[in-house]
Amino acid sequence: MTLRIGPVTLAHPVLSAPIAGFTDRIFRDIVRDFGGCGLIYTEMVSAGGWVQGNIPPDRLNRVDDEARPLGVQLWDREEAPLEEAARRLVDLGITVIDLNFGCPKKRIMGTHAAGATLLRDPATVGRLVAATRRGAGSVPVTAKIRLGPTVHARTGPAVARAAADNGAAAITVHGRTAGDGYGVPCNREMIAEVVQTVPVPVIANGDVHDAASAVETLRLTGAAGVMVARGCLTRPWVFREIAAALAGEPVPESPSYLDQRALLLRHHAEMVEREGERFGTVAMRKFAVRYLTGIPGARVFRDHVTRTETTAQFREVVERFFPLEGHTTTEITEVAEETCAPL
Ligand SMILES: Cc1cc2nc3c(=O)[nH]c(=O)nc-3n(C[C@H](O)[C@H](O)[C@H](O)COP(=O)(O)O)c2cc1C
């Protein structure tokens with residue numbers, strides 16, 4: 001199974017989603033190191049903020065010396081800043097430029113009338129894609145959408161068509177509306193409808209967290225690839241599992257708990273190197289909590305790690321509460337809960 005985005009052929013039809021607050025350079029390097037990811041995106045970047053402020057945003061820190069392929073996601077509701085930001089991304093050697101038409105955050109939808117608000121207006125989506133393409137030259141432009149603004153306005157297929165008609169090289173569809181919370185199941189039938197509507201590759205997104213859910217999503221939607229967001233915050237090695245399954249190869253083992261513990265310490269050390277000890281440790285808390293989701297003893301670990309402020313405290317929590325190999329789930333939970341003295 002091959003996924004082509006315009007002139008770019010991905011090594012694997014598995015993409016790492018833009019995740020604001022998470023997919024920074026340190027996390028992207030971790031994902032790359034595990035392998036299996038065909039394309040990794042930055043966090044979303046405000047085109048207007050960049051163009052008016054003239055300084056590359058923090059979210060583009062160190063993209064110049066990063067491995068490729070690399071996708072950057074832009075958001076805006078005006079043509080001129082998108083065109084100019086795209087031109088600058090071409091100069092930075094970015095592989096794919098994605099446009100955000102799915103963000104449901106109040107600040108983006110309300111104050112800026114961008115993100116998922118634009119799902120109400122396929123014609124504007126088309127104009128924004130066309131403007132971005134003017135700046136992007138031969139670099140492919142993609143659109144990331146939802147099924148619509150609400151369940152009563154499932155505009156996804158119309159928006160996807162407007163984007164494709166104006167030159168989008170692929171469309172990613174998150175199978176929920178902007179009004180849906182994560183409690184609402186991802187609607188794969190509606191993603192399939194978008195697949196039927198546009199002539200360009202569609203990437204299915206939503207609730208893909210392992211090889212089985214990826215295979216099932218592709219089967220039910222007919223999409224050309226899958227994109228993973230929350231699943232990779234817990235298991236950044238998920239891409240190699242999905243890539244192997246799609247290639248008909250045996251799915252590799254998860255890293256041992258000891259390796260996962262080493263990963264936590266590596267990630268923390270890199271955050272501290274970038275941000276300093278206190279800010280780095282505080283910024284690491286949200287990653288640490290995500291890494292542990294669903295792992296035995298996670299609750300106890302979370303309670304402690306979210307109070308750490310120094311490297312010594314962070315390491316102590318990891319040493320004390322990160323589950324060890326060779327224990328059963330119940331044992332680990334019991335041991336962790338018994339030893340849960342406040343730090
Ligand atoms: C913390 C967080 C930040 C996100 N930031 C972005 C973003 O910057 N751009 C975007 O298009 N989607 C963003 N998303 C949405 C995801 O990319 C994805 O569409 C959604 O989580 C569904 O995929 P999943 O079920 O694999 O998590 C974000 C999601 C989360 C949980």
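Ligands are counted one by one from 1 in listed order, and the atoms in each one are counted from 1 as well. As a basis for the values below, the full set of heavy atoms in this structure was taken, side chains included, without hydrogen atoms, waters or symmetry mates. No experiment lies behind these values; they were computed from the predicted model shown.
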As a test of reading the model: which residues have a non-hydrogen atom less than 4.0 Å away from ligand 1?
Ala17, Pro18, Ile19, Ala20, Phe22, Met44, Gln73, Asn100, Lys144, His174, Tyr182, Asn205, Gly206, Asp207, Val228, Ala229, Arg230

Residues in side-chain contact (heavy atoms from CB on, under 4.5 Å) contact with Asn166, at least two apart in sequence or another chain:
Val129, Ala130

Applying side-chain hydrogen bond (donor to acceptor under 3.5 Å, both in side chains) to Asp165 and not counting sequence neighbours gives none

Any Lys/Arg nitrogen of Asp24 or Arg274 sitting under 4.0 Å from an Asp/Glu carboxylate oxygen of the other?
yes

Option among Val125, Ile145, Thr150 that satisfies the side-chain contact (heavy atoms from CB on, under 4.5 Å) test with Leu119:
Ile145

Applying side-chain contact (heavy atoms from CB on, under 4.5 Å), can you list everything that pairs with Ala169, at least two apart in sequence or on another chain?
Ile5, Pro140

Would you check if there is a donor-acceptor pair between the side chains of Arg127 and Thr124 at a distance under 3.5 Å?
yes

